[in-house]
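Heads up, the thing below is written out as structure tokens.
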Amino acid sequence: MSIPTSISKMVLCCTLVALAFSSISLGQDRRLIRWQDLSPELQYGLTARQLTEGNFEAFIDSINQQTVGREVNGEFDHLIYYALQSQRFTALPKLEPALSAYDFVQVLAPAARAKYLATQDYFPSPLIVPKAVEARLKAFLKQGNQSDERLSYFKRFLTTTRAASLERLTQEYARAMKFLYRKEFLTQSFKTSSAAAAYVASLYQERGHSTDTQIEANYALSQALATIKMIAPTTTLARVLIVGPGLDFAPRTDLMDAVGPQSYQPFAIADALLSLQLTQVANLQIHCVDINDRVIAYLHDFPRRKNKTLTLFSGLAHDQNHQLTDEYQAYFRGFGKFIGSEQTLSLQDVLPNHLRKGLQISPAVAAKLSADKLNIITERYSTAPDFDLVIVTNVFPYFDETQLILALTNIAAMMKPGAYLLHNDPRPLPTQMVHLPLLQTRTVLLAKGPQGEFFDGVAIHQKCGSKC
């Protein structure tokens, strides 16, 4: 069987048109970043990378085109993770994606394996996947019941991309497994942790965009906001911008699809700000921007839902392998007290060792949420800077250094003087050049056990004037 090595131009073109028609309407005050928006220092640095005023507009256009392609790849990644793990369309045993990647790569002939792992667009031909994977992909394609929200979305996505064939899904499986194998297994061959971290960073800068999210990602942010309250007790953080808020749709591991897709970060930030008295409900505004239409649609529709309930559960199990810290458990128990009312939640059969609870969001808080489509690398709002706080988690790792500079320039332009930026990228970022110097970093311990300790971190930056 001959397997195409890339998405054809015709199919990609059709995909772009379909995605454009399905988008939430954009704000009227957004615009593309311009060469003149960059400081002379940044212009000089980019010139060393062959970027000039003359080719800058074309470069921005190329990033926007590349972003759409990475969005399509990311949706296929989620589709494959769903097809391997979901119990909603088949009774076949679920497959853990990383272990499936290992099984797939190990059966490749040595020469084909080496070329497959070393080359981004190479796939062995004929492409043979494990029998258990093929069975699940076939079951997924045959499923006609689309009452499940995730399954229904993926079926529409396959129609839009003209990819509803075993041949195409086999290729997408092989592409998704390449990233997982490189990240989970090739990194074990590096002699130092820094070399492994640099390699993983390079992988994220090539992979499709993901919307994965968990409650755990917000614990470090709550600690960072508590730190801001401690060092600046009278500060007010009412206008919040969240870049890439995330949607728990089809993660690459531990898919839990007994409940529908959910986004947690806007509500976690609202709860933390209100609990710390950094704002009041009357003044709070949380605006989310993303490049993924289904993320925007979820956040756009949430305030209009009759049932504004979140199903909260810890991504990490609390068992002999992971003992969640007392501090994190206290955070989870307190989550939501200032934005809604807690509800009893069972799910004991599907989440026996996870912290879990239901949360009915107050209509007054839900009304403070808005969402829009915006590419933070290439776009900004042209209104006067008005955000007091910007949150960016699990987004920067997808950007290379040039993209980071552009994103940070756009972010800084939308922040008030004295406003704060919180992010969790471990790399040293060029924030000083956009007047966002680093104040401090925080590291929090989530869990510990035989499999090691689980940490998360956050960096706190504050916008200063033209002279920092």
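Tyr199 does not carry Lys183 over the face of its six-membered ring by the limits of under 6.0 Å from the centre and within 45° of the normal.
The distance from atom CD1 of Ile63 to atom CD1 of Ile60, rounded to the nearest 0.5 Å, is 4.5 Å. Separation of atoms OH (Tyr153) and CZ (Arg294) is listed at 5.0 Å; rounding is to 0.5 Å. Here the CD1 atom belonging to Ile269 is positioned 7.0 Å from the CG atom belonging to Leu422, to the nearest 0.5 angstrom. To the nearest 0.5 Å, atom CG of residue Leu32 and atom CG of residue Asn410 are 9.0 Å apart.
With hydrogens and angles ignored, the 3.5 Å screen pairs no side-chain donor or acceptor of Ser263 with any backbone N or O of Leu247. No side-chain donor-acceptor contact under 3.5 Å links Thr119 to the backbone of Asp121. When atom types are taken as modelled, the side chain of Asn55 and the backbone of Gln50 share a donor-acceptor pair closer than 3.5 angstrom. Put simply, the side chain of Arg304 gets close to the backbone of His300: a donor and an acceptor are under 3.5 Å apart. Put simply, the side chain of Gln43 gets close to the backbone of Leu38: a donor and an acceptor are under 3.5 Å apart. Here the side chain of Glu379 pairs no donor or acceptor atom with the backbone of Arg30 at under 3.5 angstrom. One N or O on the side chain of Lys155 and one on the backbone of Leu141 form a donor-acceptor pair closer than 3.5 Å. Gln171 contributes no side-chain N or O that, together with a main-chain N or O of Leu127, makes up a donor-acceptor pair within less than 3.5 Å. No donor-acceptor distance shorter than 3.5 angstrom exists from the side chain of Arg442 to the backbone of Ala224, with no hydrogens or angles considered. Between the side chain of Arg70 and the backbone N or O of His209, no donor-acceptor pair lies under 3.5 Å.
For Tyr398, there are no side chain to side chain donor-acceptor pair (under 3.5 Å) partners at least two apart in sequence or on another chain. With sequence neighbours left out, Arg380 forms a salt bridge (Lys or Arg N to Asp or Glu O under 4.0 Å) with Asp37. The side chain to side chain donor-acceptor pair (under 3.5 Å) test applied to Gln188 returns no partner, not counting sequence neighbours. For Lys94, the salt bridge (Lys or Arg N to Asp or Glu O under 4.0 Å) test picks out no residue, with sequence neighbours left out.
By the 4.5 Å heavy-atom criterion applied to side chains, His354 and Met256 are not counted as neighbours. Between Leu273 and Leu389 there is a side-chain heavy-atom pair separated by less than 4.5 Å. For the pair Gln214/Phe313, no side-chain contact is recorded, criterion being any heavy-atom separation below 4.5 Å from C-beta on. Inter-residue side-chain proximity for Thr213 and Pro245 is flagged as unmet; no heavy-atom pair is nearer than 4.5 Å. Residues Gln223 and Val458 fail the side-chain proximity criterion, which asks for heavy atoms closer than 4.5 Å. Using a 4.5 Å heavy-atom threshold, the side chains of Val243 and Ile391 count as separate. Using a 4.5 Å heavy-atom threshold, the side chains of Glu96 and Thr253 count as touching. Leu421 is listed as a side-chain neighbour of Leu408, based on a closest heavy-atom distance under 4.5 Å.
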#### Entry: From CA spacing to verdict: side chain to side chain contact (heavy atoms under 4.5 Å, CB included), Arg88, Leu151
CA-CA 8 Å; Arg88 305 285 284 183; Leu151 180 60; 5.9 Å; no
### Message
Evaluate His461 against Met415 for side chain to side chain contact (heavy atoms under 4.5 Å, CB included), listing each step before the verdict.
### Response
CA-CA 11 Å; His461 300 256; Met415 296 170 63; over 6 Å; no
#### Entry: Check against side-chain hydrogen bond (donor to acceptor under 3.5 Å, both in side chains), Gln143 and Thr90
CA-CA 8 Å; Gln143 176 56 252; Thr90 181; over 6 Å; no
### Evaluation steps, side-chain hydrogen bond (donor to acceptor under 3.5 Å, both in side chains), between Arg156 and Ser152
CA-CA 6 Å; Arg156 293 196 305 271; Ser152 179; 3.0 Å; yes
### Task
In sequence, state the C-alpha distance, the side-chain angles, and the governing distance for Ile411 and Leu241, and then conclude on side chain to side chain contact (heavy atoms under 4.5 Å, CB included).
CA-CA 9 Å; Ile411 288 170; Leu241 175 66; 5.6 Å; no
### Message
Checking Leu79 against Leu169 for the side chain to side chain contact (heavy atoms under 4.5 Å, CB included) test, could you report, in this order, the C-alpha distance in whole Å, the side-chain angles of both residues, the deciding distance, and whether it holds?
### Response
CA-CA 9 Å; Leu79 184 154; Leu169 291 192; 3.9 Å; yes
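Side-chain N/O atoms of Tyr102 and Glu184 include no donor and acceptor closer than 3.5 Å. No side-chain donor from either of Asn292 and Thr211 sits under 3.5 Å from a side-chain acceptor of the other. There is a side-chain donor-acceptor pair under 3.5 Å between Asn218 and Gln265.
Centroid-to-centroid, the aromatic rings of His423 and Phe396 come within less than 6.0 Å. Taking the six-membered ring wherever Trp is involved, the centroid distance between the rings of Phe335 and Phe267 does not fall below 6.0 Å. Under the 6.0 Å cut-off for aromatic ring centres, Tyr116 and Phe104 qualify, their centroids lying closer than that.
Closest of all the heavy-atom pairs between Leu369 and Cys288 is CD1-SG, 3.8 Å. Minimum interatomic distance between Pro303 and Lys308 (heavy atoms only, all atoms of both residues): O-CE, 3.1 Å. Annotation for Asp386 and Arg239: closest pair OD2-NH2, 3.0 Å, computed over non-hydrogen atoms. Taking all atoms of both residues into account, the shortest heavy-atom contact from Asn73 to Arg175 is O-NH2, 3.1 Å. In terms of heavy atoms, Ile361 sits closest to Phe302 at CG1-CZ, 3.9 Å. In terms of heavy atoms, Val133 sits closest to Ser100 at CG2-OG, 3.4 Å.
Counting only residues at least two apart or in different chains, ring-ring contact (aromatic ring centres under 6.0 Å, His included) contacts with residues 37-75 comprise Trp35-Phe56. Counting only residues at least two apart or in different chains, salt bridge (Lys or Arg N to Asp or Glu O under 4.0 Å) contacts with residues 194-220 comprise Asp77-Arg207.
Of the residues Tyr81, Phe179, Phe154, Phe157, the one that meets the ring pair (Phe, Tyr, Trp, His ring centres under 6.0 Å) test with Phe76 is Phe157.
The residues Arg427 and Asp425 are annotated as salt-bridged, a charged nitrogen and a carboxylate oxygen being separated by less than 4.0 angstrom.
Between Tyr381 and Phe387, the angle of the ring planes lies from 30° to 60°, which puts this pair in the tilted group. Ring geometry for Phe140 against Tyr82 counts as perpendicular: the plane angle is over 60°, on a 0 to 90° scale with 30° as the lower cut. Taking the six-membered ring for Trp and thresholds of 30 and 60 degrees, Phe185 and Tyr181 have ring planes inclined between 30 and 60 degrees apart.
Around CD of Glu57, the count of heavy atoms belonging to other residues, nucleotides or ligands within 6.0 Å does not exceed 12. Around atom CD of Glu401, no more than 12 heavy atoms belonging to other residues, nucleotides or ligands sit under 6.0 Å away.
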